[in-house]
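As structure tokens, the structure follows; a few thoughts come after it.
Letters A, B, ... mirror the listed sequences (proteins, then strands); counts begin at 1. Predicted model, so just to flag it, every value in this text is computed and none were measured.
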Amino acid sequence: MSEPGPASPTTDTPPHRYAGALAQDIEARWQDRWDAQGTFATPNPTGPLADPARFDASKPRAFILDMFPYPSGAGLHMGHPLGFTATDMYARYQRLTGHNVLYTMGFDAFGLPAEQYAVQTGQHPAVTTNQNIANIRAQLRRLGLSHDPRRSVSTTDPQYYRWTQWIFLQIFNSWFDPDTKKARPIDQLVAEFDAGTRSATTGDWAAMSPAQRREELDAWRLAYVSDAPVNWCPGLGTVVANEEVTADGRSDRGNFPVFKRNMRQWMMRITTYADRLIDDLDTLDWTDAIKAMQRNWIGRSEGATVHFDSPSGRITVFTTRPDTLFGATFMVLAPEHPLVDSLTTPAQASEVAAYRTKAAAEDDFQRQNDTRDKTGVFTGSFATNPLNGEEIPVWIADYVLMGYGTGAIMAVPCGDQRDFDFARAFGLPIVAIQEPTDGRGTDTRTWADAFVGDAPYVHSANDSLDLNAVTSVAEGTRRTSEWLAAHGHGEATVTYKLRDWLFSRQRYWGEPFPIVYDADENPRALPDEMLPVLLPDTDQFSPRTFDPDDAMSNPESPLDRLEDWVWVEADLGDGVRRYRRDTNVMPQWAGSCWYEMRYVDPTNEQCFVDPINERYWMGPAQPGESGGVDLYVGGVEHAVLHLLYARFWHKVLFDLGHVSSFEPFHRLFNQGYVLAAAYQDERGMYVDAFEVEQRDGGYVFEGRPVIREYGKMGKSLKNAVSPDDVCATYGADTLRLYLMSMGPLDASRPWESKDVIGVHRFLQRLWRNLVDEDTGETRLLAESAGIETLRVLHRTIAGVRDDLDHLRFNTAIAKLIEFNNHLTKLGGCPADIADALVIMLSPLAPHVAEELWAKLGHTDTVTYETFPVADPAMLVADTVEYPVQINGKVRGRVTVATDADADTVQAAAMADDKVQSALAGATPKKIIVVPGRMVNIVA
RNA sequence: GCCCGAGUGGCGGAAUGGCAGACGCGACGGACUCAAAAUCCGUUGUCCGAAAGGGCGUGUGGGUUCGAAUCCCACCUCGGGCACCA
């Protein structure tokens, strides 16, 4: 860091002043001692980490979790200590308030970042990953986080991914029962087929060959191989999930173009959980913003399917507005719709073929740009509107997407802006079926746009359905859906934007699939005793990447090259045979889908988590509650990726009876970002923020003017401050306090290095109130605390408790500073309240608190002490000062007894000189006395 | 366009219906020092005023209320998410 820190001790600074060097000395000693004594080891109810002598089942639990980091070569950035400090302070506070606390840290070490770093350095990812983990562990240690080190996991550890593979097989060997809306073991489906209580979808189960049966079952599995459109990213050399593709059709990582291609890939049937993933959000303590993002991503819409008769048979559409069916004046099919060929008349054939070719050449993401003008082609055929028998033309257009609904729509131009635009562009009829409430009338030739909303229907009746008296969309929708169902022309339907999860990647650094293929290319699960399927060692770990724009390239998995590994002999129940291994690896998200459960029972070799331990740490507190981690802190960037996938896996494991909680993360808190000033030169290039000088109200870099903006702290903006440097200058306790004092945890905050000194001075003053800076001995005031000091103390206790309960670390710190400022004015700390002060400080600045605790004569760690409890009697004074307002402006103050009644307070207010002179003889119309608060006189 | 969230001193922020600006940075004045740094003490929303005191003040305009930074309506600005999803 280039910023000046506090002075290093020189001859004239006292030897025991709390400054950077002393802080580091204290911190190193206490970190060593915590390690040596296993201070933060938390016992389990049962299993390898059970310790009956230390486990107190009568205490409430607190499972506190951070989103675990990728061990990238760059190490921690300031965003990590921000979230980690918050959870550590909360964890320590929970220990002080009598909770059993589960708090640890792991590493999400598979995936692209680790692999790319390995490719850059030419070293094996296992080597670089372990180096990076060691490096980050050292950085974390400096922060004084109270992790149980025995519970740490890395997703790349075979002892960990053995269970990731096991969970994959649980999912593979399950099906979703649409009746119970739950996952069930595939054996139970076989039993139902055998018993005839459920019919197979592809034929008569009893008459099927073994191969046909296998195919039938594979189509039910929650993890399945599918030849379907996927996102192929040549620049990365792998396919990626929908959630990893940005709105402009590029890869989330690397920003390469992504192409839709049909490929044979692993999918997970997350869509079967769409309703539960939405509905169960109601049971979670998450922000509305994140819930909205998840709902939005799942994209549930209720409506109806409607069947139209056409020369090529039935065309089914999905609509959210079946009530507008009388106004359907044409239909539009996606260019890829399977009926387009047979619907197209010879006269239209060349035009349709040209349009389809053009549409196919464009990628999906260009097509989804709503600023484009509408394009489309008439097929030459007509379909019949089931409500009124009208023949309406069938068009194809690229604004209809094959991937949503049925890939076909009924177009109601009077009630849908897109259809309206299309009708105007091609001169198609627009018939009003509602009388708009804005007075524009029903002559659609004069309309500037479609009308959407509740309004009386017109021209909306046939022999058996009459909406013309209906005034609400909801009622019209309900009655039309009923009519459609009754007449066999459709039914109420729910559609989702959510697609099944593409689960395979053509990379090296991931979990291998515990799957082999038989001679007929059927996927076969490996038995438990063959787990883990170890990731084979190789020096050819770099995936084959391609020209980022080469859409027709094909993925080549690095594991394909390992012939010796690929072919394996095994007995899967029908004798020893030769099988080919699956050469894909699982996506980055697999390991993070369940890591919180492994923290609960990290060394269990019998199961991924013992049910007793899971129920203790994650089980619902009350029947009907979701259960799950008590507090999960992390960035908002995982709103629809990790958080959706992890919820899905957890629900499958719940359905199968492996866990007692039906949600993994009961309470989620999203921390803000650490921002910092960044500077751009006239070319728009970022310059080193630490070499920029402020001059004449502007900013200058190497003599040239630069402009300032604020952005997420990091390498790309050249404005990153390293946590290590701050620890080296001021100590970790100062860094912790600064990060938390900057503002509320959920707000983004700009880093200002010059502000760090503020909380450092606070610690220095607090230290000085307890310790003689020359001798290092305690210097406590002998006389006991007076009533005024006790009142300040108890107000502080109550306030800090309330703040820490609600993760308001910024105001908790401010209250402690206030209290310390009071002690400073007192000339020091009375001996009888020093313990309380130090215990309150300990969750926030644990190292200096431990040091002070020891100086106060205690031999044990402060970690498991009891947080002081405020005495209610100390929170009220004998007298209270009332501000007296006249017409809402404060004009005077009166002091009355705390228990004075309203009349007494009013009398005192009226008797006040300033009030009388402000009233200037006027008679009050009304006087409001708010007990304990204030008086307002209305003159 | 739609859905969230936020606008308060020079700066980060506090106050969620009851004394706006807690706490911190910075700035200014003072102590210590040969001096500087560090440290300590004091002042610090703004305008008028020598002071006492007073006016104004939480993005803008309106409303509810004895009383609004806080609640309601409309608008403006910024940040985030989604976006031809039928």
Please state the P separation for the pair B:G26 and B:A38 - nearest whole angstrom. 9 Å
Using whole Å, what does the distance between atom P of nucleotide B:A22 and atom CZ of A:Phe819 come to? 20 Å
Tell me the interatomic distance from A:Arg300, atom CZ, to B:A86, atom P, rounded to whole angstroms. 13 Å
With heavy atoms under 4.0 Å as the rule, sort A:Arg295 into base, sugar-phosphate or nothing. nothing
Who does B:U16 pair with, Watson-Crick or G-U, both distances under 3.5 Å? none
Output yes when a side-chain donor or acceptor of A:Arg891 lies under 3.5 Å from a complementary backbone atom of A:Gln916, and no otherwise. no
When we call it a touch if two heavy atoms are under 4.0 Å apart, what does A:Asn887 touch: a base, just sugar-phosphate, or nothing? nothing
Using the ring of A:Tyr399 (Phe, Tyr or Trp, six-membered ring only), decide whether A:Lys374 places NZ or CZ under 6.0 Å from its centre and within 45 degrees of its axis. yes
How far, in whole Å, is B:U8 from B:G59 if one measures between their P atoms? 6 Å
Are the charged groups of A:Arg321 and A:Asp416 less than 4.0 angstrom apart, N to O? no
C1' gap between B:U77 and B:C71, integer Å: 22 Å
Between A:Arg761 (CZ) and B:A38 (P), how many Å, whole number? 7 Å
Just checking A:Met934: base, sugar-phosphate only, or nothing, at a heavy-atom cut-off of under 4.0 Å? base
Look at the side chain of A:Asp419 and the backbone N and O of A:Val412, then say whether any donor-acceptor pair between them is shorter than 3.5 Å. yes
Can you check whether any acceptor in the base of B:C66 is under 3.5 Å from a donor in the side chain of A:Asn936, or vice versa? yes
Step through it carefully: locate the ring centre of A:Phe422, locate the ring centre of A:Trp395, and say whether they are under 6.0 Å apart. yes
Distance between C1' atoms of B:G24 and B:C75 (Å, rounded): 35 Å
Below 4.0 angstrom from OP1 or OP2 of B:C2, is there any side-chain N or O of A:Asn296? no
Taking the minimum atom-to-atom distance to the side chain of A:Arg891, which one of B:A86, B:C25, B:G54 wins? B:G54
Which one, B:G81, B:G53, B:C25, comes nearest to the side chain of A:Lys914? B:G53
Using the P atom on both, measure B:U46 against B:G57 and round to a whole Å. 16 Å
Regarding A:Ser301, tell me which of base, sugar-phosphate or nothing describes its non-hydrogen contacts under 4.0 Å with the strands shown. sugar-phosphate
Angle between ring planes, A:Tyr679 versus A:Tyr699, binned at 30° and 60°: parallel, tilted or perpendicular? tilted
Tell me what A:Val938 touches on the nucleic acid: a base, only sugar-phosphate, or nothing, going by heavy atoms under 4.0 Å. sugar-phosphate
For A:Glu818, report the nucleic acid contact type (base, sugar-phosphate, nothing); a contact means any heavy atom under 4.0 Å. sugar-phosphate
Using a heavy-atom cut-off of 4.0 Å across all strands, would you classify A:Thr811 as base, sugar-phosphate, or nothing? sugar-phosphate
Answer with base, sugar-phosphate or nothing: what part of the nucleic acid does A:Arg499 contact at a heavy-atom distance below 4.0 Å? nothing
Examine the base of B:C19 for any acceptor or donor lying under 3.5 Å from a partner atom in the side chain of A:Arg893, and report the outcome as yes or no. yes
Rounded to whole Å, please give me the gap between CG in A:Asn769 and C1' in B:C40. 12 Å
Could one point to a donor on the side chain of A:Lys925 or the base of B:C66 with an acceptor on the other under 3.5 Å away? no
Tell me: CD1 of A:Ile813 to C1' of B:A22, nearest whole Å? 14 Å
Assign A:Arg749 to base, sugar-phosphate, or nothing according to its heavy-atom contacts below 4.0 angstrom with the strands shown. nothing
Of the options B:C82, B:C41, B:A86, whose atoms approach the side-chain atoms of A:Thr824 most closely? B:C41
Spatial distance of atom NZ (A:Lys291) from atom CG (A:Asp288) [nearest 0.5 Å]: 6.5 Å
Sticking with atom P, work out how far B:G12 lies from B:G61, rounded to a whole angstrom. 23 Å
Measure from the side-chain heavy atoms of A:Pro744 and tell me the nearest of B:A14, B:C66, B:G55. B:A14
Nearest-angstrom distance from the residue atom NZ of A:Lys754 to C1' of B:G24: 10 Å
Can you check the distance between B:U70 and B:C19, where both ends of the measurement are the P atom (answer in whole Å)? 13 Å
Under 3.5 Å on both distances, the Watson-Crick or G-U partner of B:A27: B:U43
Classify the nucleic acid contact of A:Asp421 as base, sugar-phosphate or nothing, counting any heavy atom under 4.0 Å across all strands shown. nothing
According to the Watson-Crick and G-U wobble definitions, with both distances under 3.5 Å, which nucleotide is paired to B:A38? none
Could you check which nucleotide pairs with B:C2 in any of the strands shown, counting Watson-Crick or G-U wobble with both distances under 3.5 Å? B:G81
Rounded to whole Å, NZ of A:Lys825 lies from C1' of B:G42 at a distance of 10 Å
C1' atom, B:G9 versus B:A15: distance in rounded Å? 15 Å
Have a look at A:Asp802 and tell me which of A:Lys815, A:Arg795, A:Arg808 forms a salt bridge (Lys or Arg N to Asp or Glu O under 4.0 Å) with it. A:Arg808
Look through every strand shown and name the nucleotide pairing with B:G61 as Watson-Crick or G-U wobble, where both distances are under 3.5 Å. B:C73
Specify the residue among A:Ala408 and A:Val756 whose closest nucleotide of RNA chain B lies further upstream toward the 5′ end. A:Val756
So A:Ile817, base contact, sugar-phosphate only, or nothing? Heavy-atom distance under 4.0 Å. sugar-phosphate
Just checking A:Arg295: does its CZ atom have more than 12 heavy atoms from other residues, nucleotides or ligands closer to it than 6.0 angstrom? yes
Whole angstrom is fine here: how far is it from NZ in A:Lys889 over to P in B:U65? 19 Å
Nearest nucleotide by nearest heavy atom, which residue falls closer to the 5' end of RNA chain B, A:Tyr496 or A:Ala292? A:Ala292
Which is true for A:Thr305 with a 4.0 Å heavy-atom rule: it touches a base, it touches only sugar-phosphate, or it touches nothing? nothing
Quick one: is B:C40 close enough that its OP1 or OP2 comes under 4.0 Å of any side-chain N or O from A:Arg765? yes
Is the glycosidic angle of B:G9 within 90° of 0, making it syn, or outside that range, making it anti? syn
With both distances under 3.5 angstrom, what nucleotide forms a Watson-Crick or G-U wobble pair with B:G67? none
